[in-house]
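Each chain gets a letter, A, B and so on, in the order the sequences are listed, and its residues count up from 1. Note: hydrogens, waters and symmetry copies are ignored here, and every other heavy atom, side chains too, is used.
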Protein chains: 2
Amino acid sequence: MGATAKVLSVAFGRAMREERLNKGLSQEELAFRCNLDRTYISSVERGKVNPSIHITWLIAVGLDIPLWVLIKSAEELASNKEK
Amino acid sequence: MGATAKVLSVAFGRAMREERLNKGLSQEELAFRCNLDRTYISSVERGKVNPSIHITWLIAVGLDIPLWVLIKSAEELASNKEK
DNA sequence: CTGTGACTCAAAGTCCGTG
DNA sequence: TCACGGACTTTGAGTCACA
């Protein structure tokens, strides 16, 4: 992954964390709802990994919002971050 | 990947192909714009792979539309397909 | 111009811990 | 409750020859 490659994953992680906190969920609770590992949720939020579209969908379902809404927030965050 | 796991990837492939054809692009041309292999583009369109969020973003950029728009179309296709 | 199987390799993703 | 690490298995990324 090149330098700009991580921009979206980092933004996605931020958007996802924001949404999780809005719902008052812990990483562990979200992990349970998504059927994903607790430590993996953490990695995604910190932008350490580049999740598949299927994983992002699981997360959106766990957060109880459409995936496109999450992606839209992420893209907005990403473009605001561009220097 | 379980049975329902492929639903979104398949829908994403459809949405993406639709958009590509709307722009009058060949898989080869899109592949060039995305810096991806032609055969890989083909796999994504056919829902054979479960692309990462980074890949979907490259494709959206190549198609010159925001990723969330593409995802939104995909989710709509997916929910219409649910029997 | 596109679909497909086979392949290699890096990264995703899980599970065990720690402070 | 979370960040982070090590070790491990599975999957995606990316390319090729051929139909």
Side-chain angles (χ1 to χ4, degrees), chain A residues 1-64 67 70-71 74 77-78, chain B residues 1-64 67 70-71 74 77-78:
Chain A
M1 268 203 319
T4 59
K6 291 198 159 190
V7 177
L8 226 220
S9 347
V10 170
F12 181 83
R14 289 186 185 216
M16 160 188 173
R17 169 165 297 181
E18 212 169 285
E19 192 59 33
R20 175 176 65 81
L21 296 177
N22 279 346
K23 309 259 160 149
L25 294 170
S26 69
Q27 290 182 347
E28 213 163 354
E29 288 168 328
L30 177 57
F32 178 75
R33 294 169 66 150
C34 301
N35 251 304
L36 291 172
D37 195 80
R38 156 185 74 79
T39 65
Y40 186 60
I41 294 285
S42 170
S43 307
V44 175
E45 284 193 353
R46 287 175 293 128
K48 296 302 175 190
V49 293
N50 179 25
S52 70
I53 188 176
H54 174 229
I55 295 287
T56 61
W57 178 75
L58 288 179
I59 291 171
V61 169
L63 288 171
D64 207 34
L67 177 55
L70 210 49
I71 299 281
L77 283 175
Chain B
M1 267 205 321
T4 58
K6 291 199 161 192
V7 178
L8 226 221
S9 349
V10 170
F12 180 83
R14 290 187 184 217
M16 158 187 174
R17 169 165 297 180
E18 214 168 284
E19 193 59 33
R20 175 177 66 80
L21 296 177
N22 279 345
K23 308 258 162 149
L25 294 171
S26 68
Q27 289 183 349
E28 226 164 27
E29 289 168 326
L30 177 57
F32 178 76
R33 296 168 64 148
C34 299
N35 250 304
L36 292 171
D37 195 82
R38 171 190 72 77
T39 64
Y40 187 62
I41 294 285
S42 170
S43 306
V44 176
E45 284 193 354
R46 285 174 295 127
K48 294 306 174 188
V49 294
N50 179 25
S52 70
I53 188 176
H54 175 227
I55 294 286
T56 61
W57 178 74
L58 287 180
I59 291 170
V61 170
L63 288 171
D64 207 35
L67 178 55
L70 210 50
I71 300 281
L77 283 175

May I have the distance from [X] (atom [atom1]) to [N] (atom [atom2]), rounded to whole angstrom?
X       : N      : atom1 : atom2 : answer
A:Leu36 : D:dT10 : CG    : C1'   : 14 Å
A:Asn50 : D:dG12 : CG    : C1'   : 10 Å
A:Gln27 : C:dC15 : CD    : C1'   : 16 Å
B:Tyr40 : D:dG14 : OH    : P     : 7 Å
A:Asp37 : C:dC15 : CG    : P     : 6 Å
B:Lys48 : D:dG14 : NZ    : C1'   : 18 Å
B:Glu45 : C:dC1  : CD    : C1'   : 12 Å
A:Leu58 : C:dT14 : CG    : C1'   : 14 Å

Minimum heavy-atom distance A:Ala11-A:Leu77, with the two atoms named
O-CD1, 3.7 Å
Given A:Glu45, which of A:Arg14, A:Glu18, A:Met16 fulfils the side-chain contact (heavy atoms from CB on, under 4.5 Å) condition?
A:Met16
Check: [X] side chain, [N] base, donor-acceptor under 3.5 Å:
X       : N      : answer
B:Arg38 : C:dG3  : yes
A:Arg46 : D:dG5  : no
B:Thr39 : D:dC16 : yes

Mark yes or no for whether [X], through its side chain, and [Y], through its backbone, hold a donor-acceptor pair below 3.5 Å.
X       : Y       : result
B:Arg38 : B:Glu28 : no
A:Asn50 : B:His54 : yes
A:Lys23 : A:Leu63 : yes

Is any side-chain N or O of [X] closer than 4.0 Å to OP1 or OP2 of [N]?
X       : N     : answer
B:Arg20 : C:dT2 : yes
B:Ser42 : C:dG3 : yes
A:Arg17 : D:dA3 : yes

Who does D:dG5 pair with, Watson-Crick or G-U, both distances under 3.5 Å?
C:dC16
Between B:Ser26 and B:Ser52, the residue closer to the 5' end of DNA chain C by nearest nucleotide is B:Ser26
